[in-house]
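These numbers come from a predicted model, not from an experiment.
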Amino acid sequence: MDPELIKDCVHCGFCLPTCPTYVLWGEEMDSPRGRIHLMAQHVEGTPVTPEMAGHFDACLGCMACVTACPSGVRYDRLIEQTRAVVEREHVRAPGERAIRELVFTLFPYRRRLRALRLPMRLATRLRPFLERVHPSLGAMAELVPPPARPVRLPPRVHAVGRRRATVGMLVGCVQSQFFPQVNAATARVLALEGCDVVIPPRQGCCGALSLHSGRDARRFATRTIETFERAGVEAVVVNVAGCGSSMKEYAEVLKDEPGGWAERAAALRVRDLAEYLVELGPVAPRHPLPVIVAYHDACHLAHAQGVRSQPRELLRAIPGLELREIAESAVCCGSAGTYNLFQPGPARDLGDRKARHVLATRADVLVSANPGCSMQIAAAMRRSGEGGMRVAHTAEVLDASLRGLGARALGGR
Amino acid sequence: MSDAVLDRLAVRFAELLPAGAVITDPVRLRTYECDGLTLHRAMPGIVVLPETAEQVAAVVRLCGEYDVPFVARGSGTGLSGGALPRTDGVLIVTSRMRRILEIDMPNRRAVVEPGVTNLAITEAVREQGYYYAPDPSSQQVCSIGGNVAENAGGAHCLKYGFTVNHILGLEIVTPDGEIVELSALDPGYDLLGAFVGSEGTLGIATKITVRLSRAPEAVTTLLAAFGSIEGGGAAVSAIIAAGIVPAAIEMMDALAVEAAEAAVGCAYPEGAGAVLIVELDGPRAEVEHQFTAVERICRETGAFEIRVAASTEERAAIWKGRKSAFAAVGRISPAYIVQDGVVPRTALPEVLAGIDRLQEEYGIRVANVFHAGDGNLHPLVLFDDAAPGEGERAATVSGRILDLCIEHGGSITGEHGVGVDKSRYMPKMFTEEDLDTMQLVRCAFDPRSLSNPGKVFPTPRLCGEVPGVRKGVHPLVESGRAEQF
Ligand SMILES: Cc1cc2nc3c(=O)[nH]c(=O)nc-3n(C[C@H](O)[C@H](O)[C@H](O)COP(=O)(O)OP(=O)(O)OC[C@H]3O[C@@H](n4cnc5c(N)ncnc54)[C@H](O)[C@@H]3O)c2cc1C
Ligand code: SF4
Ligand code: SF4
């Protein structure tokens, strides 16, 4: 916990109202300002007490506070450093430790996740039992979406018409297992906009889960960099907010790594899909899509990458589409990477809150650019009993418009 | 207060309040040690997070029973140490009391709990074309209870008045734990008026009825860049002299602009010695008419660039720099003190020249931000807390700026309150008798001096003596100049 970064905080409190845990509990220790104060206490010599660790664990890492802070406090760096200290110094209860190990050994590996899909379906039926064993297991079971038809993506998708760029595409661990159709849509949209899309078949995890939990992500980072260097692309396009934000942090993660890794990381032009499409400018004709869409700001997109206007701009440009804003759009839905697994209580409360605001828009489709958010909000809407809403990725909406499929194409989840 | 008493009190609180609403863990307690003014710190004895007025009243009554002082806290954004806790006391935090209880559109008012943020009220009625007018820069986070306690102001208070002009009723918990309603319509003494601005020394507001104002038909925001502060100042005087009351006139000097630029990239005109933001609102025809006049005045007084916001986004962009100015200074300086003083508008140039001299004399930089329309200055005194002696010099400069304000017939605070930080300046503005009179009001509400003691007044003189214990008659009462009730 870098004292210089801590000192940047002037204690103005501007970050409080969009902090999800402050919104829930209204107490200083669970606000960004309070957490920074706890970090300062630690730097001044207070050991990590269980109470202190609890307040850090309760932080979703949503970075709403970074957006809100006028003093430019790098809370993102601070909490990453803090989590590493907590991992080192704080001894967790055995049950909690087991759950954390389970998640960290499963989620970053596509093959393991694939193997998990069937048992997870089973788990859905066993939920009440799992809930009793450990709330985290219950949460895991509740989130699983219905099985998806596997989609096989070729290693290269050729541009339609004149080629304007060659880009790499990250498929994402959770995305490719639970939302493969989103990756297919992404590749099609990029190709229709004139991009050759290179999809390295053996790409691994980008390291987002580890990075956001205070674990070592360097190995994931260097592997991913190598993969896309070999692909020979101008930019790496990412359609998962969480992955994009962590890939944009590679230079920072690898800054002390010998072998010029930081420079190599910086040379990798990582872009969120919406960000990239707006930079590139549209060429493919948009067909009408008469739907009402509520756009959800994923924290790792809006707060961590500052991508807010681009997806809205892309959606608004679709003829016939009406875009509606969700109240409290800056407040996290409670998914936040692994948060809904480790902190099922508050994650659930935040999910319910978000679902209420989403349903209040009376839109036809909820659009979110992060699979974690999509699962979280969909589960919360199911719980609410007020009927759900279709959930789609920005790429799927664009795909439907570009291919002229009509509103019905935005099926299912 | 002995720890044993606090321990017993904490147990009693836990019986009254919901789970998790009583904080005694030292690590947690310390996060409440200061408000927005970090200079003054004290770890509270106990923190409680009540959810209802009844719970607040019960807590206050128990404090009385154990003779323990208590301090109210809203969002902790105060800049005068008003919510500085007592190590021997209880901090009563309203951040869980944030329900909007009633929106009464026909009567244009809303009833809210004290922890509701200023901006949340506006957001709740914006769609209906209304808003809550007072707009402190901290409006997204500061609580309405804190606003009432500080009589908070904001850029638009020039035309629409301060918090006190927008509060129609209060429910308060008195320092002896009674729940009492005060209304602007009550005959007799204006107790509501006395409570607004009392900085937590007269009790705790638990329900607030605010006036809702109709959003103006038209709003025009103009940004004018001047070569110097003098040019900007001349424009302000000329605008007011022309009989125009803009919704807001804000001024920032070059250093403040630099900070805002670093923080939010507000892209104000380059090379400006001063930037003036003038906002006009009201019926469209009137706004257009006034706008022509203001634009002409700015040109005549030497503005080298004038920008007009054409859309809501552009208007927000102009305000963004100003609204973030305080916290933004963190980008250009490791530490700073936000000062708050008032001078008559006409004395502005002299006071600013005085501030310039202080900067040179002490080698300390000062960035200036003001509500220029009503002469409310916010000098931001910059220093490096790691450099030995700089903090003290900055504090001296900050204090001498207040002296300047007083010398020129102004005041030591425009909107941030006296708190603990400025109590020692009170004797410079008021005579002993003045202070005694104020103390009499205080004693009428809080004879045992349990509600936020040690704030506002330099020395708590009277309350120990009234009532009952009090020997003799207060000189003011004796001389017939004041009455005790
Ligand atoms: C960046 C920044 C900009 C600011 N800009 C402005 C501005 O433009 N104008 C302005 O006026 N102020 C401004 N302030 C100061 C501050 O925001 C206001 O004083 C605000 O009213 C404080 O509200 P709070 O909820 O944070 O109160 P706190 O700081 O928690 O408390 C302030 C005082 O109110 C008392 N109090 C709190 N709640 C209650 C209650 N329910 N009943 C009785 N007493 C109570 C406390 O005991 C304390 O004395 C600014 C502050 C910051 C950090
Ligand atoms: S990252 Fe999110 S949850 Fe954590 S302190 Fe910041 S706003 Fe709060
Ligand atoms: S907004 Fe920034 S400076 Fe203000 S309290 Fe939060 S982190 Fe600190």
Side-chain angles (χ1 to χ4, degrees), chain A residues 3-19 21-42 44-56 64-65 67-74 306 309 325 327-330 345, chain B residues 20-21 23 25-39 47 49 51 73-79 91 93-98 115 117 119-120 123 137-143 259-260 262-264 320-321 323-331 333-336 338 385-386:
Chain A
E4 287 304 311
L5 294 183
I6 292 175
K7 261 180 53 185
D8 286 340
C9 172
V10 299
H11 219 77
C12 67
F14 276 34
C15 51
L16 269 55
T18 48
C19 173
T21 52
Y22 187 78
V23 166
L24 282 184
W25 305 319
E27 55 184 30
E28 190 70 20
M29 319 67 89
D30 279 307
S31 79
R33 182 174 67 180
R35 291 191 177 108
I36 294 171
H37 193 285
L38 293 172
M39 294 172 195
Q41 289 191 38
H42 179 69
E44 285 163 17
T46 313
V48 179
T49 62
E51 287 81 12
M52 201 192 268
H55 297 304
F56 292 139
C65 48
T67 304
C69 177
S71 295
V73 171
R74 291 300 306 265
S309 64
E325 289 295 326
E328 285 188 1
S329 65
Chain B
I23 298 166
D25 171 66
V27 169
R28 290 179 175 152
L29 287 176
R30 265 193 68 192
T31 62
Y32 286 95
E33 68 182 2
C34 63
D35 58 10
L37 181 69
T38 56
L39 206 64
V47 170
L49 297 156
E51 288 172 22
R73 170 173 162 127
S75 303
T77 68
L79 290 171
L91 190 70
V93 185
T94 63
S95 55
R96 287 188 180 167
M97 300 174 72
R98 45 186 172 178
T117 63
L119 190 61
E123 275 169 359
S137 307
S138 51
Q139 68 184 141
Q140 74 211 70
V141 49
C142 61
S143 72
V264 294
K320 198 169 173 189
K323 294 245 170 184
S324 66
F326 287 1
V329 168
R331 304 256 183 163
S333 174
Y336 64 92
V338 180
D385 43 1

Handout entry: Minimum heavy-atom distance between A:Phe14 and B:Lys323, given as atom pair plus value
Key = CE2-O, 4.3 Å
Handout entry: Interface moiety of B:Phe326 toward chain A, non-hydrogen atoms closer than 4.5 Å
Key = neither
Practice task
Would you mind telling me which of B:Glu123, B:Arg30, B:Gln140 has the largest number of heavy-atom pairs within less than 4.5 Å of chain A?
Solution key: B:Arg30
Exercise for the section: Select, from B:Ala328, B:Ala335, B:Ser95, B:Gly330, the one with the greatest count of heavy-atom pairs under 4.5 Å involving chain A. Expected result: B:Ser95
Completion exercise
Smallest heavy-atom separation, B:Val141 atom then A:Pro17 atom, equals CB-CD, 3.9 Å
Practice task
For each of B:Asp35, B:Thr117, B:Leu79, B:Val264, tally heavy-atom pairs with chain A at distances under 4.5 Å, and name the one with the top tally.
Solution key: B:Asp35
Completion exercise
Pair count under 4.5 Å, heavy atoms only, with chain B: among A:Cys9, A:Gly13, A:Ala327, highest is A:Gly13
Handout entry: Residue B:Leu37 versus chain A: region with a heavy atom under 4.5 Å
Key = neither
Completion exercise
A:Val10 and B:Thr38 have their tightest heavy-atom pair at O-CG2, 4.3 Å
Exercise for the section: Starting at CD1 of B:Ile23, measure out to CE of A:Met29 and round the result to the nearest 0.5 Å. Expected result: 3.5 Å
Problem - Smallest separation among heavy atoms of B:Val27 and A:Met52, with atom names - result: CG1-CE, 4.0 Å
Completion exercise
CD (B:Glu33) and CD (A:Glu28) are apart, to the nearest 0.5 Å, by 10.5 Å
Problem - Side-chain (B:Arg96) to main-chain (A:Glu27) donor-acceptor, under 3.5 angstrom - result: no
Exercise for the section: Check whether more than 12 heavy atoms from other residues, nucleotides or ligands sit under 6.0 Å from atom NZ of B:Lys320, and answer yes or no. Expected result: no
Problem - Part of A:Cys69 within contact of chain B (heavy atom distance under 4.5 Å) - result: backbone
Practice task
Side chain from CB out, backbone as N, CA, C, O: work out which of these in B:Ser137 comes under 4.5 Å of a heavy atom of chain A, or both, or neither.
Solution key: backbone
Handout entry: Region of A:Arg33 that comes under 4.5 Å of a non-hydrogen atom in chain B
Key = side chain
Practice task
Heavy atoms only: give me the nearest A:Pro70-B:Ala263 pair and the separation to one decimal.
Solution key: O-CB, 3.4 Å
Fill in the blank from the handout: Okay, B:Cys34 and chain A: the region with an atom under 4.5 Å from a heavy atom over there is both
